[in-house]
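Below you'll find the structure, written out as structure tokens, and then a few comments.
Atom set for the values below is all heavy atoms of this structure, side chains included, hydrogens, waters and symmetry mates excluded.
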Amino acid sequence: MLRNYKVLKGTASALALDDDNDPHIEIRIEAGGVSYRIAMNVRSKESPHDLLYANVMDFQHAELTAELAALPMGLTDIRGDRKDLAIDYVRGGMIEREDMNVAPFQLAGPKNDLRDFIEPIVQEGIADKSIHFYAFGEAWGPEKNKPDEYFGFEPGNGIHDIHMNQGDSGSFSATSGPNQDGALLIHFSDEDHWAAIFLGFQSQNWNTDANTGRPVGDNRGGQGRGEGTRRPQPIVASSLRIVAAMINPVNHPDGTEDETVTLVNRSDVATSIEGWSLEDGEGRRQKLSGSLAPGEFRTITLDPDNGGPQLANKGGDIILINADGAVADRVGYGKSETANEGWTTIF
């Protein structure tokens with residue numbers, strides 16, 4: 001697990017490139033009169049060396065971006081003070097393995113390597129101080145009496161591990177953990193427009209334990225289109241499971257739509273759902289009632305107008321809560337599972 005999982009907010013003032021066996025793009029950041037360095041991996045130490053990346057030029061996550069915009073300049077301790085800001089590639093619904101492409105660090109030709117995507121946006125930020133950068137990762141420093149090795153400011157301090165930080169094995173497994181993934185978010189504050197860069201290593205496994213962030217199986221990838229993911233959560237024993245959801249329904253003539261979640265009672269006895277509820281990843285909850293006969297499938301129409309769950313097309317989680325408030329089942333899906341309007345996603 002990372003020791004100092006934080007987010008750094010500031011403006012860009014300089015850019016440097018290193019070209020050793022572990023290359024990074026180095027970005028100097030200014031925040032509240034203090035200089036920091038962002039060190040972004042652009043090549044993996046382990047084979048395969050080319051990174052996975054997603055360059056999201058229209059990043060949409062209203063709750064997160066509103067909280068980030070309200071942060072003061074400088075470092076914010078996510079693990080200690082703002083757990084609500086944590087990023088989790090596997091469970092957060094922001095990014096899917098299928099959304100990421102493989103790109104080398106540096107390759108001849110336009111728009112085909114990581115430098116082509118990262119450098120221009122940093123250069124734009126150097127010229128325009130209304131552009132704010134938010135780097136999620138592991139913080140270091142301040143290193144007293146030790147100038148920064150790239151930009152020379154003192155004391156040296158900054159943030160690195162700006163990539164997926166779970167699903168590692170071997171020598172890197174000790175730093176794996178849930179809710180501590182790195183990313184670079186960019187806010188064009190004059191336009192209130194957001195972009196995001198997500199990075200990961202091809203050697204990382206996306207099938208991870210919810211408590212440790214370490215691999216729980218050999219299958220590295222996400223799910224295929226139309227098939228969501230059953231989240232590895234500490235759940236109570238339950239005969240009820242979420243088996244399907246209508247996430248992107250066809251609109252009715254009046255513009256309304258019916259999102260649904262389907263449950264099954266796997267047991268050979270009737271099971272009451274009085275006091276149970278369905279919840280989305282943002283905490284919106286809908287109470288359930290009645291019971292399910294043995295083997296019965298029950299499709300529940302969600303009621304977002306009265307505070308019920310909302311199934312965002314960009315991805316998210318669906319959680320089944322029992323009458324004691326414990327998680328009985330939890331599933332997740334990404335935007336690739338909602339591409340076909342009117343299709344049912346299965347879990």
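- Hydrophobic clustering of Ile, Leu, Val, Met, Phe, Trp and Tyr side chains at less than 4.5 Å, counting indirect connections, unites L8 with I126.
- Nearest heavy atom pair, residue D77 against residue K6, reads CA-CG, 3.8 Å.
- Contact annotation: the side chain of N265 never approaches that of F297 to less than 4.5 Å [non-hydrogen atoms, C-beta and beyond].
- D181 places a side-chain N or O within 3.5 Å of a backbone atom of Y89 that can act as its donor or acceptor partner.
- Between T175 and R3, the side chains place no donor N or O within less than 3.5 Å of an acceptor N or O (distance only, hydrogens not considered).
- Summarising the geometry, atom CD1 belonging to I131 is positioned 8.0 Å from atom CD belonging to E191; distances are rounded to the nearest 0.5 Å.
- From D168, atom CG reaches atom OG1 of T208 across 10.5 Å, with rounding to the nearest 0.5 Å.
- Inter-residue side-chain proximity for M164 and L199 is flagged as unmet; no heavy-atom pair is nearer than 4.5 Å.
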Carefully, step by step, assess D303 and Q286 under the rule side-chain hydrogen bond (donor to acceptor under 3.5 Å, both in side chains). CA-CA 7 Å; D303 187 12; Q286 179 171 329; 5.9 Å; no
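- Distance check: L64 CG to I87 CD1 gives 6.0 Å after rounding to the nearest 0.5 Å.
- Side chains of E30 and T11: no donor on one and acceptor on the other come within 3.5 Å.
- S176 and Q166 form no side-chain donor-acceptor contact under 3.5 Å, judged by distance and modelled atom types alone.
- Residue pairs meeting the side-chain hydrogen bond (donor to acceptor under 3.5 Å, both in side chains) criterion with at least one member in residues 59-73, sequence neighbours excluded, are D58-Q60, E67-R82.
- At least one side-chain heavy atom of M1 sits less than 4.5 Å from a side-chain heavy atom of R79.
- Panel note: side chain E274, backbone S289; no donor-acceptor pair is recorded below 3.5 Å.
- I300 is connected to L320 through a chain of hydrophobic side-chain contacts under 4.5 Å among Ile, Leu, Val, Met, Phe, Trp and Tyr, so both are in one cluster.
- Of all the heavy atoms in E259 and P309, the pair that sits closest is OE1-O, 4.4 Å.
- A210 approaches P178 most closely through the heavy-atom pair O-CG, 3.2 Å.
- Below 30°, between 30° and 60°, or above 60°: for H193 and F188 the angle between ring planes is between 30° and 60°, a tilted geometry.
- Side-chain atoms of Q123 do not come within 3.5 Å of backbone N or O of P120 as any donor-acceptor pair.
- Using a 4.5 Å heavy-atom threshold, the side chains of I38 and I162 count as touching.
- No side-chain N or O of N165 forms a donor-acceptor pair with one of Q180 less than 3.5 Å apart.
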Let me see the working for W194 and D192 under side chain to side chain contact (heavy atoms under 4.5 Å, CB included), right down to the final yes or no. CA-CA 7 Å; W194 289 79; D192 196 22; 3.8 Å; yes
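- Residues S130 and D190 have side chains that bring a donor and an acceptor to within less than 3.5 angstrom of each other.
- Each of W140 and L2 belongs to its own hydrophobic cluster when Ile, Leu, Val, Met, Phe, Trp and Tyr are linked at side-chain heavy-atom distances under 4.5 angstrom.
- Between the side chain of E138 and the backbone N or O of N4 there is at least one donor-acceptor pair closer than 3.5 Å.
- Between I159 and Y36 there is no side-chain heavy-atom pair separated by less than 4.5 Å.
- Between N41 and H160, the side chains place no donor N or O within less than 3.5 Å of an acceptor N or O (distance only, hydrogens not considered).
- Inter-residue side-chain proximity for F198 and H163 is flagged as unmet; no heavy-atom pair is nearer than 4.5 Å.
- Within the 3.5 Å criterion, the main-chain N or O of N179 finds a donor-acceptor partner in the side chain of D88.
- Rounding to the nearest 0.5 Å gives a distance of 13.5 Å between CG of N207 and CZ of R97.
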Go through it in stages, so that I can follow the logic: the residues are E143 and E154, the test is side chain to side chain contact (heavy atoms under 4.5 Å, CB included), and I'd like the CA-CA distance, side-chain angles, deciding distance and then a yes or no. CA-CA 8 Å; E143 300 171 317; E154 291 188 48; over 6 Å; no
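- Here the side chain of N55 pairs no donor or acceptor atom with the backbone of Y53 at under 3.5 angstrom.
- Atoms CD1 and CG, from I25 and L184 in turn, are 10.0 Å apart once rounded to the nearest 0.5 Å.
- Ring planes of H187 and Y134: tilted class, angle from 30 to 60°.
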Begin with the C-alpha distance, continue with both residues' side-chain angles, and end with the deciding distance and a verdict on side chain to side chain contact (heavy atoms under 4.5 Å, CB included) for M246 and D258. CA-CA 8 Å; M246 175 59 70; D258 293 328; over 6 Å; no
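- Residues I78 and M94 share a hydrophobic cluster, clusters being chains of Ile/Leu/Val/Met/Phe/Trp/Tyr side chains in contact below 4.5 Å.
- I318 is not listed as a side-chain neighbour of D280, based on a closest heavy-atom distance of 4.5 Å or more.
- In the displayed structure, K146 atom NZ is contacted under 6.0 Å by at most 12 heavy atoms of other residues, nucleotides or ligands.
- Under the 3.5 Å distance criterion, with hydrogens and angles disregarded, no donor-acceptor pair is assigned to the side chains of T262 and R298.
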Can V327 and I319 be said to form a side chain to side chain contact (heavy atoms under 4.5 Å, CB included), step by step? CA-CA 7 Å; V327 175; I319 309 162; 4.0 Å; yes
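- The two residues L185 and F59 make their nearest non-hydrogen contact at CD2-CE2, 3.7 Å.
- Between the CE atom in M40 and the CD1 atom in I27 there is a gap of 5.5 Å [rounded to 0.5 Å].
- Between R91 and D317, no side-chain nitrogen of the basic residue sits less than 4.0 Å from a carboxylate oxygen of the acidic one, so the salt-bridge criterion is not met.
- Of all heavy-atom pairs between P215 and G167, the closest is CG-O, 3.6 Å.
- Listed here is the closest heavy atom pair of A328 and W276: CB-CZ3, 3.7 Å.
- For the pair I29 and V34, the minimum side-chain heavy-atom distance is 4.5 Å or more.
- The pair R214-D209 does not count as a salt bridge, with every side-chain nitrogen at least 4.0 angstrom from each carboxylate oxygen.
- Remark: the backbone N or O of L71 is paired with a side-chain donor or acceptor of K9 at under 3.5 angstrom.
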